[in-house]
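Step one of this worksheet: look at the structure below.
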Number of protein chains: 2
Amino acid sequence: MTENTVPGGVDAAWPGGGERAPRKRRVDAQRNTDSLLEAAKTVFGTSGVDAPAKEITDLAGVGVGTLYRHFPQRSDLVKAVFQREVDSCADAAPGLAAAHEPGEALEQWLYRFTEFLATKRGLASALHSGDPAFDELPGYFMQRFGPALGSLLDAAAAEGEIRADVSPEELLHAVGNLCMVADADGPAYSRRMVSLLIDGLRYGADKSRSRS
Amino acid sequence: MTENTVPGGVDAAWPGGGERAPRKRRVDAQRNTDSLLEAAKTVFGTSGVDAPAKEITDLAGVGVGTLYRHFPQRSDLVKAVFQREVDSCADAAPGLAAAHEPGEALEQWLYRFTEFLATKRGLASALHSGDPAFDELPGYFMQRFGPALGSLLDAAAAEGEIRADVSPEELLHAVGNLCMVADADGPAYSRRMVSLLIDGLRYGADKSRSRS
DNA sequence: GCTTATCCGGAACGTCTTTCCGTATATTTG
DNA sequence: CAAATATACGGAAAGACGTTCCGGATAAGC
């Protein structure tokens, strides 16, 4: 899953090209990077993105020096955590598609997506803080979630389970906005709103195309 | 203008009631709070609301202890600066009303209002940070600007210079939103958008009621 | 002018961030 | 497998900032 990830760039393909291989990335470095990301995800959720660095390094079982070597700036860590969770959510789509009927898969994934959104409360203000370090994140968000949702949408539409005239982008926006204003009322509320949205998708379905 | 202002509450009427007057507020204390507010306004605009405290105290020519005595929490300072600027902008309305025709006064004041908004970029994120210390500010905003704009609006409507079916609140919101999304394109752009809005107000005017 | 409540300044302290370097270890080479 | 070396680790140290505290100063009241 985490295969030789070098922290920093959105798509830092590392041993990719044909340059003289300098050396292989040390496994402990990779392990520590993973531990830090995991710990940071937890701590960000608990104490916000401005939590003390020590809290993160302690949880990760790592020295502070290690944190700053892998993530020289705090924004680097925030970006990495964000992307990691985006990836995790987006990558769940194919598995759900394989395990369920298209309509069910779509519904499951959207719930998964609402959970992703729920952990982003603290990040939201950071992302909109005007710090140029975060400029690329919205793009990454769409770049990953657009195709992921798109394939689920297409599959469900092909089966005639939902209407076919909704783009992934607008659905992502809709769910996103829904949960942003709804989160104050708890996750259960978000979930109900989203299921309402899904029923709306089904309402206009072209059942004649169904094969099942 | 600044008459014995005690920092802290929105409407901290101080020697107001009939309690045993403890003593008069020392003039140097008043002078220093004014200096601090003035300096904080400048520094907030330059370095954001998270600027180092020393930067503010140096500019105010005051020791850090003085800052913390008058404004124990940073949010106290932020609130005070905000309210001071709200007051300054709202209090400009009567003067403009006396110096210009009602329609012109309205236009002038709205430009003044856009300038006010332009300095609030840094504050916006702080206000929406979820800190309960700022909960009262939106209310203060409306409480001061509503009547200020309302009287200008009424005067202009009475002269038949603008339509009469627009409430102060909705106009404040409209201008606010306009400048929020427009500010990235510079103040000139905000100004053009607002003048467009004013022309929209004039369009539906009942000229028959004009007396001039 | 004298007393006293009030206020001032900045040193002192604690917390958090960030740098730095001696030590440890994974990887490569022979 | 052992030596060589690039790479990474940990935590001490330095720096920056927020916050507290109190001896000294000064305005207000008499």
Side-chain angles (χ1 to χ4, degrees), chain A residues 2 4-8 12 14-15 19-40 43-44 46-78 80 126 131 133, chain B residues 2-8 12 14-15 19-37 39-40 43-44 46-78 126 129 131 133:
Chain A
T2 41
N4 220 332
T5 305
V6 62
W14 186 47
E19 307 192 351
R20 306 198 311 100
R23 211 174 230 215
K24 210 159 67 179
R25 184 165 159 75
R26 277 174 57 161
V27 296
D28 53 349
Q30 181 65 49
R31 180 160 29 84
N32 282 330
T33 302
D34 289 343
S35 299
L36 281 168
L37 286 174
E38 195 62 33
V43 171
F44 284 172
T46 307
S47 314
V49 285
D50 292 326
K54 184 117 196 316
E55 198 174 336
I56 297 171
T57 58
D58 283 353
L59 183 58
V62 143
V64 280
T66 303
L67 170 61
Y68 279 91
R69 188 167 334 95
H70 291 314
F71 305 99
Q73 314 238 333
R74 175 155 286 249
S75 60
D76 295 331
L77 182 61
V78 174
D131 187 330
Chain B
T2 40
E3 189 166 330
N4 221 332
T5 306
V6 61
W14 185 47
E19 304 191 352
R20 308 196 308 101
R23 208 177 233 213
K24 209 160 69 175
R25 183 164 159 73
R26 277 174 55 164
V27 296
D28 52 350
Q30 181 64 47
R31 182 160 26 86
N32 282 331
T33 49
D34 287 345
S35 300
L36 281 168
L37 286 173
V43 171
F44 284 172
T46 308
S47 314
V49 284
D50 292 326
K54 185 117 194 318
E55 199 174 335
I56 297 171
T57 57
D58 283 353
L59 183 58
V62 143
V64 278
T66 304
L67 170 61
Y68 280 92
R69 185 167 336 94
H70 291 314
F71 306 98
Q73 313 236 334
R74 174 155 289 248
S75 62
D76 295 330
L77 182 59
V78 173
S129 67
D131 187 330

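Chain identifiers are assigned alphabetically (A, B, ...) following the order of the sequence lines, protein sequences preceding nucleic acid strands; residue numbering begins at 1 within each chain. Remember, it's a predicted structure, so these values are computed and weren't measured experimentally.
- Residues satisfying the side-chain contact (heavy atoms from CB on, under 4.5 Å) criterion with B:Ala60, sequence neighbours excluded, are B:Ser35, B:Leu36, B:Ala39, B:Val62.
- Of all heavy-atom pairs spanning B:Phe44 and B:Val49, the tightest one is CD2-CA, 3.7 Å.
- Taking CG of A:Leu67 as the start and CZ of A:Arg74 as the end, the distance is 7.5 Å to the nearest 0.5 Å.
- In this structure, A:Asp28 and A:Arg31 have side chains that are in contact, with non-hydrogen atoms separated by less than 4.5 Å.
- Rounding to the nearest 0.5 Å places OG1 of B:Thr57 at 11.0 Å from CG of B:Asn32.
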Going 5' to 3' through nucleotides 17-28 of chain D, assign each nucleotide B (protein heavy atom under 4.0 Å from a base atom), S (under 4.0 Å only from sugar-phosphate atoms) or - (no protein heavy atom that close). -SBB-----BSB
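- Running 5' to 3' along DNA chain C, contacts with non-hydrogen atoms of chain B at under 4.0 Å begin and end at C:dT4 to C:dA11.
- Counting only heavy atoms from C-beta outward, the side chains of B:Leu37 and B:Phe71 approach each other to under 4.5 Å.
- Here the straight-line distance linking atom CD of A:Glu38 with atom CG of A:Leu59 works out to 9.0 Å at 0.5 Å rounding.
- Between A:Asn32 and D:dA8 there is no side-chain polar atom (N or O) within less than 4.0 angstrom of OP1 or OP2.
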